[in-house]
Amino acid sequence: MTITTLERPVSLWPAAHAADARRPRSLQTKIGASDTVCARRAGYLLHGRTPTDTGEKRKAILGTYLHAGMLEAAREEYGWIIERRVEDDTIRGHIDAVQLDSRTAARLPKRLRPRLPAEETTVEDIKTKSTYQWDNILRYGASDAEVRQVLLYADLLRTEGFADIDGQRQLARLGPLPVGRIRFRFINRDSGDDHVQEMPFNAERARGARWWVAQVRAAETPEDLPRTFPGPGLSVVCDNCPFKTACWGPTIAGQRPQSMLIHDDAERERALAEYVEVSEQMKPLKDRLKVLRAQLDGSEPGVYGDNVLTWSGGNPTKVDDIDAMVAIFQRAGLPVPMAPDVAAMKAQLKAAGIPVPVRLDHERRTAVSINVAALKKP
Ligand code: SF4
């Protein structure tokens with residue numbers, strides 16, 4: 001039996017967005033390690049600016065739920081120390097997981113000790129990613145911003161220890177800890193695949209991350225800070241940034257936000273010269289890619305060295321089956337709409353040598369292409 005309802009069932013997303021907005025991280029105005037993705041954005045947060053954009057947060061919310069579920073399972077099953085606060089006077093954050101070495105673990109009361117101590121104290125961060133991002137993760141690992149975030153957590157743990165707050169007093173009593181390693185655990189949101197990337201804790205790189213934070217703190221206004229990403233339409237970080245409009249101004253139809261970065265002809269000249277230079281550098285690479293693509297044509301899918309070859313496309317395309325539609329209408333006793341046969345009329349006009357009449361459609365525009373030619377010098 002088919003059940004029909006007049007109203008659509010209520011969506012869960014408004015509830016999920018409201019709950020997400022109440023999360024401590026969303027209300028944070030002091031700089032958090034997880035806010036160190038973009039210098040300008042960290043500046044907006046630090047100066048307590050009101051977000052200008054709500055952005056699309058559904059994927060991020062799903063990531064948060066998955067993240068919380070995985071960590072909770074690791075705590076229950078392996079006794080992991082999860083979601084613990086670290087801070088000093090300038091920065092704070094929540095470390096996803098800390099694996100203590102056996103000597104440090106032995107200093108904790110038995111009920112708080114992890115079941116499997118680590119070889120060396122390790123600060124671990126879980127990142128959920130989509131399939132779309134997965135190849136980049138396998139090839140290049142964590143981004144600079146992700147490494148910076150975890151280095152800050154690790155450095156806070158190394159210099160301050162766990163924060164002395166309710167719920168983690170015993171951990172705080174351990175004092176500063178000798179962090180030996182940081183680890184990323186990437187989880188593919190679509191397939192469940194996971195990938196681990198580890199690196200030794202590097203005090204020099206941690207100093208670099210601290211310096212980055214110091215620059216953000218030293219800026220008088222957020223506008224004095226550089227934009228770490230290239231802007232809406234070119235970066236998903238910017239597309240989903242809560243300060244997108246504050247950073248790039250309101251959307252102007254037919255104009256890309258980045259065009260605000262060019263103020264006069266001198267800047268236009270420089271950008272154009274760089275555009276030509278980059279195009280010249282890319283040309284031999286594009287030509288080589290075409291040759292390699294042609295050589296690989298017809299190769300069987302499979303694993304070749306470090307790369308996996310697959311093919312997509314090559315399937316018949318779907319077109320409207322007009323005969324089937326007419327048959328359905330006729331069976332239902334409905335009149336079949338009759339439209340002029342445009343293709344036949346065009347063919348007949350062309351055969352008769354009469355130009356096909358056209359008119360301008362101002363609602364639809366052709367794509368705007370940039371054309372740059374060398375100036376002929378006298
Ligand atoms: S819009 Fe992009 S560049 Fe601007 S603050 Fe946000 S993330 Fe940074």
Side-chain angles (χ1 to χ4, degrees), residues 17 20-21 23-64 67 90-94 125 127-130 132-133 136-137 140-153 184 186 189 208-263 267-268 270-271 274-275 278:
H17 278 96
D20 185 71
R23 285 168 57 79
R25 201 170 293 165
S26 303
L27 293 175
Q28 199 166 289
T29 51
K30 186 180 177 183
I31 196 166
S34 59
D35 298 324
T36 56
V37 173
C38 167
R40 175 77 65 98
R41 184 160 91 186
Y44 287 129
L45 287 164
L46 194 60
H47 286 83
R49 295 281 182 89
T50 307
T52 49
D53 301 80
T54 48
E56 167 55 65
K57 298 187 79 179
R58 284 181 296 182
K59 281 186 198 149
I61 290 172
L62 286 178
T64 303
H67 192 262
T90 58
I91 189 156
R92 73 174 168 206
H94 283 86
D125 202 57
K127 300 269 179 227
T128 60
K129 300 282 175 181
S130 66
Y132 173 68
Q133 301 162 299
N136 268 356
I137 293 300
Y140 309 116
S143 67
D144 287 349
E146 287 166 338
V147 173
R148 179 165 53 238
Q149 178 190 347
V150 181
L151 282 172
L152 288 169
Y153 291 145
F184 290 91
F186 296 101
R189 279 198 290 268
R210 292 284 195 153
W211 180 85
W212 191 97
V213 172
Q215 299 307 301
V216 170
R217 295 188 65 81
E220 277 184 24
T221 72
E223 287 73 22
D224 292 338
L225 290 162
R227 298 175 176 94
T228 307
F229 295 91
L234 301 179
S235 153
V236 284
V237 180
C238 296
D239 289 340
N240 297 309
C241 176
F243 298 100
K244 183 170 62 175
T245 305
C247 184
W248 294 95
T251 310
I252 300 170
Q255 206 174 317
R256 299 195 189 189
Q258 292 78 3
S259 59
M260 69 176 299
L261 299 177
I262 290 194
H263 304 95
E267 288 180 355
R268 206 160 281 118
R270 275 199 296 279
E274 190 181 344
Y275 184 92
V278 173

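Remember, it's 1-based here, ligands and their atoms both numbered in the order they're listed.
- Between Gly32 and Ile91, the shortest heavy-atom contact is C-CG1, 4.3 Å.
- Proximity of Arg41 to Phe229: side-chain heavy atoms (C-beta onward) are nowhere separated by under 4.5 Å.
- Put simply, the side chain of Thr228 gets close to the backbone of Ala39: a donor and an acceptor are under 3.5 Å apart.
- Taking atom 3 (S) of ligand 1 as the reference point, the nearest protein heavy-atom neighbour is Arg227 CB, 3.5 Å.
- Two residues are said to be in side-chain contact when any heavy atoms from C-beta on lie closer than 4.5 Å; Cys247 and Tyr44 meet this criterion.
- Shortest contact from atom 1 (S) of ligand 1 to any protein heavy atom: Trp248 NE1, 3.4 Å.
- By the 4.5 Å heavy-atom criterion applied to side chains, Arg227 and Leu261 are counted as neighbours.
- In the vicinity of Arg41, heavy-atom distances shorter than 4.0 Å reach the ligand 1 atoms 5 (S).
- For Ile31 against Ala42, the heavy-atom pair with the smallest separation is CD1-CB, 3.9 Å.
- From the protein, the heavy atom lying nearest to atom 6 (Fe) of ligand 1 is Cys241 SG, 2.4 Å.
- Shown in contact with Phe229 at under 4.0 Å from a heavy atom are these atoms of ligand 1, numbered in order with element: 3 (S).
- Distance check for Cys247 against atom 2 (Fe) of ligand 1: none of its N/O/S atoms falls below 2.8 Å.
- For ligand 1, the atoms sitting less than 4.0 Å from at least one non-hydrogen atom of Arg40 are 5 (S), numbered in the order shown with element in parentheses.
- With 3.5 Å as the limit, one finds no donor-acceptor pair spanning the side chains of Lys127 and Gln133.
- From the protein, the heavy atom lying nearest to atom 2 (Fe) of ligand 1 is Cys238 SG, 2.3 Å.
- Of the protein's heavy atoms, Cys38 SG, 2.3 Å lies nearest to atom 8 (Fe) of ligand 1.
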